[in-house]
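Structure, as structure tokens:
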Amino acid sequence: MRRIREIVGLPVLDLKSGDSIGWVQDLVLDNDKDEVVGVLLEGGHFFHSEKGIPRKAIMTVGKDAITVCSKAVEELKGTRWSDKVGNEVYTQGGDARGTIEDVFLDDTAEKMVGFEVSDGLFADLLHGRGTILRPHVMIDGKDILIVDNQVSPLDQANEGGILA
């Protein structure tokens, strides 16, 4: 799994020309299909645009850079990653489970597999941040995430924390 936070800021390199065409400013997600639609770039002529590089043009998402086979840009429709961060997480029964801190992608950076959830600084330091996997998500709304009643982020794969 990869966090989107690790991808934001990476340079985007054109494999045809060898040029750097910008840096990843944000990722656009399709909540219904659990897929990455594409990347929005900062720098160059893409600044503050809804246009970006579609996922189909991305060859690889490496540790240090993203490579693309085409500079073709198109309008990307979906939810920006930066708009998901900070959204509240609740169970179907109305219990708060924290806030979304990041989105996890599969190793190919094509599919969303889950969310990193924080229950506040003190809880993060004590227990680490929690993970909620996509199968437990009932509704992925514009401002909130609703999960099944049994889900507790701390019951799932903890990462970090001083006691972990």
Side-chain angles (χ1 to χ4, degrees), residues 1-14 20-44 46-71 73-90 97-121 123-124 128-147 151 153-154 156-161 164:
M1 285 193 304
R2 297 187 67 173
R3 289 177 176 88
I4 289 181
R5 193 174 308 278
E6 298 167 355
I7 297 170
V8 171
L10 290 180
V12 180
L13 311 174
D14 181 7
S20 174
I21 57 174
W23 297 268
V24 176
Q25 176 185 32
D26 213 335
L27 272 75
V28 178
L29 308 168
D30 182 330
N31 293 333
D32 296 329
K33 295 180 181 176
D34 296 338
E35 294 178 342
V36 174
V37 175
V39 296
L40 299 174
L41 303 179
E42 61 184 43
F46 301 112
F47 190 67
H48 292 299
S49 174
E50 294 300 321
K51 292 186 177 184
I53 306 286
R55 182 62 184 96
K56 64 184 179 240
I58 296 173
M59 295 298 292
T60 59
V61 179
K63 185 180 121 202
D64 299 314
I66 291 178
T67 58
V68 298
C69 61
S70 168
K71 287 190 213 180
V73 295
E74 60 186 56
E75 188 171 341
L76 302 177
K77 295 185 187 275
T79 304
R80 289 179 179 221
W81 164 78
S82 58
D83 291 337
K84 290 199 92 43
V85 173
N87 286 356
E88 297 289 330
V89 179
Y90 294 94
R97 291 291 186 245
T99 58
I100 296 174
E101 292 297 319
D102 211 340
V103 177
F104 288 112
L105 302 176
D106 64 2
D107 290 333
T108 64
E110 292 180 24
K111 294 277 191 186
M112 294 188 299
V113 295
F115 299 94
E116 182 177 51
V117 177
S118 170
D119 200 18
L121 178 62
D124 289 354
R129 290 185 174 160
T131 301
I132 294 178
L133 300 175
R134 287 299 291 185
H136 297 285
V137 175
M138 309 313 290
I139 299 172
D140 189 352
K142 181 180 176 226
D143 299 323
I144 61 168
L145 189 71
I146 299 177
V147 298
V151 169
L154 296 178
Q156 300 186 41
N158 284 336
E159 294 191 20

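Because only heavy atoms are used, hydrogens play no part in the values below, and waters and symmetry mates are left out as well, while side chains stay in. Remember, predicted model here, so these are calculated numbers, not experimental data.
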Looking only at heavy atoms, what is the nearest atom pair of [X] and [Y], with distance?
X	Y	result
Ile7	Ala109	CD1-CB, 4.2 Å
Ile132	Val89	CD1-CG1, 3.8 Å
Val37	Leu29	CG2-C, 3.9 Å
Arg5	Val85	NH2-CG1, 4.3 Å
Leu13	Ala65	CD1-CB, 3.7 Å

**Message:** So, taking the atom named CG in Asp102 and the one named NZ in Lys84, what distance separates them when rounded to the nearest 0.5 Å?
**Reply:** 12.0 Å
In chain order, what residues pass the side-chain contact (heavy atoms from CB on, under 4.5 Å) check against [X], with sequence neighbours excluded?
X	result
Ile139	Ile146
Asp34	Met112, Arg134
Thr108	Asp106, Glu110

Less than 4.5 Å apart, side chain to side chain, heavy atoms only: is that true for [X] and [Y]?
X	Y	result
Glu88	Thr99	yes
Asp140	Phe115	yes
Val61	Val36	no

**Request:** Mind checking salt bridge (Lys or Arg N to Asp or Glu O under 4.0 Å) for Lys77 and listing every partner two or more places apart, or none if nothing turns up?
**Result:** Glu75
**Item:** Residue list, salt bridge (Lys or Arg N to Asp or Glu O under 4.0 Å) with Lys33, at least two apart or on another chain
**Value:** none
**Message:** Salt bridge check, Arg55 against Glu35: does any charged N sit closer than 4.0 Å to a carboxylate O?
**Reply:** no
**Complete:** Applying side chain to side chain donor-acceptor pair (under 3.5 Å) to Asp30 and not counting sequence neighbours gives none
**Request:** Please step through side-chain contact (heavy atoms from CB on, under 4.5 Å) for the pair Asn87 and Leu145, ending with a clear verdict.
**Result:** CA-CA 7 Å; Asn87 286 356; Leu145 189 71; 5.9 Å; no
